[in-house]
Amino acid sequence: MLKQVVSKYSAIYGSNRAKLRPFLFQTVCSFHNGRTVLAPRSFFGVEDYVDDDTSRPYTYQKEKKSKNPDKHVSFKQRTVAYMEPFTLDVFISKRFVSASLTHRVTCKQVAVAGTNSKDVKAVLRSRCDIPACMSIGRILSERAKEADVYTASYTPRDQDKFEGKIRAVVQSLIDNGIDVKIYLD
């Protein structure tokens, strides 16, 4: 890199090296007296090991590049958020159950139901068993119909299995008129 700079400016200035001197020396300010002193640049500094395309020192690990940088994004990948705009989120803990329908594009919750709400809590005997999950599905479907939502998609989380309480919520939604498309890996 330094050789390129020197050869470029020596070609411009020819034998007149007095004008080349500021490029070969850098100013260093001494701490004690505050005077500026010309000192030669180090030939073993970081600037000699800088990679041209990333302009980082050689000690850093280079980023991994994609094998196919011009990867084609399919029509389905681009339009799935608009074709199936509502997603079902189900959360089940040891004490309560909650479910919601969320619009993918705007990230707004359209309908929400949970066993912790006052109106549901008073009616249920237990807030975390399968009859509670079925009632949450029924209440959520009623609230979704009020918001003109009749379809949704559901993808279980990595740690969740599609059985038991989660299946009861989804099946209750399907039984009460909400078309749920389930994506299992």
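One is the number of the first residue; the rest follow in order along the sequence.
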Just wondering, more than 12 heavy atoms not from Tyr82 lying within 6.0 Å of its OH?
no
Any donor-acceptor N/O pair, Thr115 side chain to Arg127 backbone, under 3.5 Å:
yes
Got more than 12 heavy atoms from elsewhere within 6.0 Å of CZ, Arg78?
yes
Test side chain to side chain contact (heavy atoms under 4.5 Å, CB included) applied to Leu124 and Asp129, step by step
CA-CA 10 Å; Leu124 295 175; Asp129 58 352; over 6 Å; no
Look up atom OG1 in Thr79 and atom CD in Glu84, then write down how far apart they are to the nearest 0.5 Å.
9.0 Å
Closest approach of Ala111 to Leu140 (non-hydrogen atoms, all atoms of both residues)
O-CD1, 3.5 Å
Determine yes or no for a side-chain-to-main-chain donor-acceptor pair under 3.5 angstrom, with Ser98 supplying the side chain and Gly114 the backbone.
no
Hey, is the main chain of Ala168 close enough, under 3.5 Å, to the side chain of Ser172 for a donor-acceptor pair?
no
Taking the side chain as C-beta and beyond, is there a heavy-atom pair between Arg138 and Ser135 under 4.5 Å?
yes
Value rounded to 0.5 Å, distance of CD1 in Ile92 from SG in Cys128:
9.5 Å
Are Leu184 and Ile174 joined in one hydrophobic group, where the rule is that I, L, V, M, F, W and Y side chains link up if heavy atoms are under 4.5 Å apart?
yes
Ser93: which residues meet the side chain to side chain donor-acceptor pair (under 3.5 Å) condition with it, sequence neighbours left out?
none
For the hydrophobic clusters of this structure (ILVMFWY residues joined by side-chain heavy atoms under 4.5 Å, transitively), does one cluster hold both Ile166 and Val180?
yes
Evaluate the side chain to side chain contact (heavy atoms under 4.5 Å, CB included) criterion for residues Thr151 and Ile178: first the C-alpha distance (whole Å), next the side-chain angles of each, then the deciding distance (0.1 Å), finally the verdict.
CA-CA 6 Å; Thr151 60; Ile178 303 297; over 6 Å; no
Can you see whether Thr102 engages Asp89 through a side-chain donor-acceptor pair at a distance of less than 3.5 angstrom?
yes
I need the minimum non-hydrogen distance between Ile139 and Ala113, along with the two atoms involved.
CG2-CB, 3.9 Å
Is there a chain of hydrophobic side chains (I, L, V, M, F, W, Y, each step under 4.5 Å between heavy atoms) that links Tyr150 to Leu173?
no
Do Val149 and Val90 belong to the same hydrophobic cluster, where Ile, Leu, Val, Met, Phe, Trp and Tyr are linked whenever their side-chain heavy atoms lie under 4.5 Å apart, directly or via other members?
yes
Please determine whether the number of non-hydrogen atoms from other residues, nucleotides or ligands lying under 6.0 Å from atom CZ of Arg143 exceeds 12.
yes
To the nearest 0.5 Å, atom CD of Gln109 lies from atom NE2 of His103 at 13.5 Å
Check whether any side-chain heavy atom of Phe75 lies under 4.5 Å from a side-chain heavy atom of Met83, and answer yes or no.
no
Kindly state each residue pair satisfying side chain to side chain donor-acceptor pair (under 3.5 Å) with at least one member in residues 152-165, sequence neighbours excluded.
Arg104-Ser153
Test side chain to side chain contact (heavy atoms under 4.5 Å, CB included) on Val110 and Phe86 and set out the steps.
CA-CA 9 Å; Val110 177; Phe86 298 101; 3.4 Å; yes
Considering all heavy atoms, the nearest Val112-Ser100 contact
CG2-CB, 4.0 Å
Same apolar cluster (I L V M F W Y, side chains within < 4.5 Å links), Val97/Met134:
no
